There are 2 protein chains.
Amino acid sequence: MTPHKNDKSSRTTGRPTLNEVARLAGVSPITASRALRGVSSVATELVEKVQKAAQELNYVVNSAARALASAQSQSVVVLVPSLSNLLFIETLEAIHQVLRPKGFEVLIGNYHYSRDEEENLLRNYMTYQPRGLLLTGFDRTESARRMIEANNIPCVYMMDLDPGAGLNCVGFSQLNAGETAAQHLISRGRKHLAYVGAQLDQRTLLRGEGFRRALQEAGLYNPDLELLTPRPSSVGLGGELFLQLMQSQPQVDAIFFGNDDLAQGALLEAMRCGIKVPEQVAVLGFNDLPSSEHMVPRLSSISTPREAIGRRAAEQMLTLLAGNSVAEPVVDMGFELRVREST
Amino acid sequence: MTPHKNDKSSRTTGRPTLNEVARLAGVSPITASRALRGVSSVATELVEKVQKAAQELNYVVNSAARALASAQSQSVVVLVPSLSNLLFIETLEAIHQVLRPKGFEVLIGNYHYSRDEEENLLRNYMTYQPRGLLLTGFDRTESARRMIEANNIPCVYMMDLDPGAGLNCVGFSQLNAGETAAQHLISRGRKHLAYVGAQLDQRTLLRGEGFRRALQEAGLYNPDLELLTPRPSSVGLGGELFLQLMQSQPQVDAIFFGNDDLAQGALLEAMRCGIKVPEQVAVLGFNDLPSSEHMVPRLSSISTPREAIGRRAAEQMLTLLAGNSVAEPVVDMGFELRVREST
DNA sequence: TTGTATGCGTTATCAT
DNA sequence: ATGATAACGCATACAA
């Protein structure tokens, strides 16, 4: 009828807007908006009309417009140091399962164990005005720390426990885990215990620290039996490091690996070399990846509740987003020693 | 000076806006906008002023406002069937590495091998007006298909090759891969060849199909030697299926597994049972995961170029986003048989 | 090279 | 219960 009213500049996407839905339904745009959002005060009759119109036009909201108008996004940013580690995938999945049903969008960032990359991701994701932040550990740049504070955005820290206080965190004591590893190996009568770690993120270091402390207490600590490398953790690397260690320190009779993939590599390499596990050397892993219990021999490991951590952290986020403060800001999810055949 | 001009309704986030940056820099908002975006026609002197002002105020753009005003987001949606499979992680990483430097945001969706979930993700992500879509394979709901078409949004399909034509796709022939597997095993003199697959997505099925065809041509096909299950692929499952197959069909002398984790599980279980690989039974995997070459015996596998696929698909997306059509719409990245010790 | 006017699609506010 | 008006923060179009 009035084609000139439909003049759209070339910038528009051509997708139907709320206005068009409203017109088709014979209501005002705001009523259409309310109807579609399920806001209470709309006559059921109108709701139906609007829904029909929306369906007919194949209408989908424009998130950008919605976010701008409401000054609120529905996104929660999750930053993890790696995706090649199944560990964090499980955590991410759990977070999704909690947040998605509540209407939140999960934005995933992988910073490859780089503090600078994490800072960049953070800066970038801030432009989306996320509602909340789920971060891994406490080791980050000063800038990153300031950004988080300055934006005053709800934040939950995962995987480790806050040594200070006041931060919402869900995890377990990496230090204790290292101690537990040492105690187990010592209880097996081992005397020459080694720690092998890769990646060298703060949590790996912390586990090594706990391990060392326990050895020192037992009078068994030997600095030559610590093998650390910044290279990314992998099965292949585990085999390499195992060989290197056994050749340079043949007296070693127990090894705690900072990650299961390293331990798995060691098991395979041991088999190739004819080194008996656990007779000659006990092998203990960390994280208890799904495949570990199927190794030959079955790998003893410290099982970490990464799925539960994700779930719980997401739930904390939910209460923070609801404007409440969490009752228990630091929650220790613990870990579990799984003794199998390799120790 | 004029505090009433700063009256903000309670909806605002309180974050500095382009207006405030412009005021501080003593220029108009649009000049500030241009300066920050690096648009050519701004005096370098002003650019500096604006940047200083922005830094001082800790300004970050509001992505929602930008997207709304420009009627364009900078996001590209990538949908994968799984994250627990290292395979897709590597593809995602490659995509990131191509797209991020060009200023694109990568939105990751995991649909857990569920067509319905993929459709939901698609519907949801459409509200973000993404610039492009990177999808996995061709097997999706009719609704999903229509959404993609209706929105007329650049789309690149990964992992498989379009049996029809006209779609931009980067992958390799899953069918050929299955055939190659069979031919290799046959060339080793094996007579009783089995196919074991899990997950049963279209590509797994396609590989089985290719395998079967090759066996039929060689007159070696035996339907009892196909073991398929919809359960998710894992090392543990591989061991189970291996045992089951060897017990019910002891004559089997070669097995092609649809996934390396299954094959790895088989290798471990074989060792436990004292079944000699490859003497009694040859084991061939698929995908060549990083750990496969470290197995005992080292796993023969078909190596798939998932990283290259991601990179290439992202590059195609880039040219599509630039408004050009790609010279080579269907690109076959091939695959490579890696013969090691297990066959 | 810079600025003015205007609009993006939606929702908050306040009336009715 | 519904609607008119304005605003969210930024970028496009066009003018100067």
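Each chain gets a letter, A, B and so on, in the order its sequence line appears, and its residues count up from 1. What you see is a predicted model, and the numbers here were worked out from it, not measured in a lab.
- Straight-line distance from the CG atom of B:Leu68 to the P atom of D:dT12: 12 Å, rounded to whole Å.
- Atom CG of A:Asn62 is separated from atom P of C:dG7 by 18 Å (rounded to the nearest Å).
- For A:Leu36 and C:dG9, the CG to C1' distance is 13 Å, given to the nearest whole Å.
- Applying the 4.0 Å criterion to OP1 and OP2 of C:dT10, one finds that A:Tyr59 has a side-chain N or O inside that range.
- Using a 4.0 Å heavy-atom cutoff across all strands shown, B:Arg34 reaches at least one base atom of the nucleic acid.
- Along DNA chain D, the nucleotide closest to B:Ala64 and the one closest to A:Ser28 are compared, and the more 5′ of them pairs with A:Ser28.
- Annotation: ring-ring contact (aromatic ring centres under 6.0 Å, His included) contacts involving residues 147-169 of chain B, sequence neighbours excluded, comprise B:Phe138-B:Tyr157.
- When the C1' atom of D:dA11 is taken as reference, atom CD of B:Gln72 falls 11 Å away, rounded to whole Å.
- Phosphate proximity of C:dT10 to A:Ser70: absent, as no side-chain N or O sits under 4.0 Å from OP1 or OP2.
- Not a single donor-acceptor pair, N or O on each side, falls under 3.5 Å between the base of C:dG9 and the side chain of A:Arg15.
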Report task. Just do the side chain to side chain donor-acceptor pair (under 3.5 Å) check on A:Arg15 and A:Asn58 with the steps written out, would you? Result -> CA-CA 9 Å; A:Arg15 298 223 295 226; A:Asn58 240 296; over 6 Å; no
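- Contact check, A:Thr31 against D:dG3: a side-chain N or O comes under 4.0 Å of OP1 or OP2.
- The pair A:Glu149-A:Arg146 does not meet the salt-bridge criterion, since no charged nitrogen lies less than 4.0 angstrom from a carboxylate oxygen.
- Side-chain nitrogen and oxygen atoms of A:Arg37 include at least one within less than 4.0 Å of the OP1 or OP2 phosphate oxygen of C:dA12.
- In terms of position on DNA chain C, the residue among B:Val27 and A:Ile30 whose nearest nucleotide sits closer to the 5' end is B:Val27.
- A donor-acceptor contact under 3.5 angstrom links the side chains of B:Gln72 and B:Arg131, judged on distance only.
- Straight-line distance from the CZ atom of B:Arg23 to the C1' atom of D:dC10: 15 Å, rounded to whole Å.
- What separates CD of B:Gln74 from C1' of D:dA11 is a distance of 13 Å, to the nearest Å.
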